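On a predicted model such as this, the values are computed, not experimentally measured, just so you know. Values below: all heavy atoms of this structure, side chains included; hydrogens, waters and symmetry mates excluded.
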Amino acid sequence: MPIALIDANNFYVSCERVFRPDLEGKPVVVLSNNDGCVVARSAEVKALGVAMGVPWFQIKKLAQKEGIIALSSNYTLYADMSQRMMTILSDFSPIQEVYSIDECFLDLHGVAPEQCRQIGQTARQRIRQWLGLPVGVGIAPTKTLAKLANHLAKKQPEYAGVCVWEEIPEQKQAEILQQLPVTEVWGIGRQWGKRLQEIGILTVWDLQNADPRPMRQRFSILMERMIRELRGESCIAMEEVALPKQEIQSSRSFGRPVKTMEELGEAISIYIARATSKLRRQNSVAAALRVYIRTNPFQTSLPQYQAARTVVLSQPSQDTRIFLHAGKLALTQMYREGFAYAKAGVHLLEISSAQSVQADLFGDAEAESRANHLMATLDQINARFGKSIVQPGIAGWQEPRGWAMKRGNKSPAYTTRWAELARVTLK
């Protein structure tokens, strides 16, 4: 059963280049919240040896020397471009698994091997023509091999962006696997990579030829599945519908130190509103809320403090107002004067399906129905007129908020706001 993995190249940078053609061929990085660390790099930046996650201040001198252009993260743009890409790719298979913001699997069951390459090339060309995004396509009998094929499609010019694993002669397949480090296997992280190297498994070839059962005992069933997948045996099924999240988090570092309880309350209320909106989107409820605040651990000259509180609800809910009350209670218990807070966040815990919640025998069914209708109306308004158009009153009305994260060089919302559409000047 052929499986295709389509993955956008340097996705965040590529999204920026769609609307900024002048960035093509230039070294570009996208920075994390508060313009702190590098979260995306163009090929030109990778060639300079800049690592993922490196703090921006550490490479400022290199950036000046090499002309590296730094952009603030624009997650609204990236999410919209991702949705457009996935919609286009859904035309190529009735079974699609969106794996991350910039990649998805397509089930090509029933497609003849000689047609797989044509499908991959067509998908790649369509994404490039309709969205302006460069993508790589890897096609193989299993997800794990499709990941490796995708790696080859993007790294080896001979495949021209599309690599069909079964088209590669067996001898060359062996040579490729002998050259790839074992950490290139999908699911092998730093810790497992280190443990594998300790027992002499250094390359993908070594892992493919390891005995699956002892490896399962030494590691886990996931390791056995990886080995079998590398041998062409499909063990990781396609997931057509994304599973509901078991934990929802919303947090941000502040653009400047926050010292007052009022400002902390504003931030936490906004994070709760965002988290509960996601909760309702997947038709779930949560039974507990965890709130945390902390100072900047890197500013050792300042007093340090961090705290977290978990509030358990009497009944699982998806009502933003209930969580706002819980958040205020938690913050009141945690807050200490005299500290410069650098970050706050919330976690929704003990999440379950809204359909499976047992009714409260002593609850007010009519009031609960009104609350659900209110939350649905709130979500509809925000979906239609813009994110956070309607928000909790505790969040305040001052815009922009002084504590909001820094995004000093953020691109416009080219695809989601009429006022920020790209403009073309005719000469």
Pair listing, side chain to side chain donor-acceptor pair (under 3.5 Å) test, anchored in residues 296-307, at least two apart: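 Passing the test, one end in residues 296-307: T295-Q304.
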
Residue list, ring-ring contact (aromatic ring centres under 6.0 Å, His included) with [X], at least two apart or on another chain:
| X | value |
| --- | --- |
| H347 | Y292 |
| Y12 | Y75, Y78 |
| Y414 | F19 |

I'd like to check the salt bridge (charged side-chain N to carboxylate O under 4.0 Å, His left out) partners of [X]; sequence neighbours left out, ordered by chain and number.
| X | answer |
| --- | --- |
| D91 | none |
| E233 | R228 |
| D22 | R20 |
| R124 | none |

Test item: I236 and E229 side chains (from C-beta on) under 4.5 Å apart, heavy atoms: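 When only atoms from C-beta onward are counted, E229 and I236 do touch, with a gap below 4.5 Å.
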
Name each donor-acceptor pair under 3.5 Å that joins a side chain in residues 191-198 to protein atoms two or more places apart or in another chain, with its distance.
{"from": "R195", "atom 1": "NH2", "to": "R218", "atom 2": "O", "distance (Å)": "2.9"}

Which atom pairs, one a donor and one an acceptor, fall under 3.5 Å between side chains of residues 100-109 and the rest of the protein, sequence neighbours left out?
{"from": "S100", "atom 1": "OG", "to": "D102", "atom 2": "OD1", "distance (Å)": "3.0"}
{"from": "S100", "atom 1": "OG", "to": "E103", "atom 2": "OE2", "distance (Å)": "3.1"}
{"from": "E103", "atom 1": "OE1", "to": "K147", "atom 2": "NZ", "distance (Å)": "2.9"}
{"from": "E103", "atom 1": "OE2", "to": "K147", "atom 2": "NZ", "distance (Å)": "3.4"}
{"from": "D107", "atom 1": "OD1", "to": "H109", "atom 2": "N", "distance (Å)": "2.8"}

Show me the donor-acceptor pairs, under 3.5 Å and distance only, between side chains in residues 1-10 and residues at least two apart or in other chains.
{"from": "D7", "atom 1": "OD2", "to": "K154", "atom 2": "NZ", "distance (Å)": "2.9"}
{"from": "N10", "atom 1": "OD1", "to": "K46", "atom 2": "NZ", "distance (Å)": "2.7"}

Centroid-centroid distance, W165 to Y159, less than 6.0 Å: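 Between W165 and Y159, the centre distance exceeds or equals 6.0 Å.
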
Residues that R17 engages under side chain to side chain donor-acceptor pair (under 3.5 Å), provided they are two or more places apart: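 Side chain to side chain donor-acceptor pair (under 3.5 Å) list for R17, sorted by chain: E44.
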
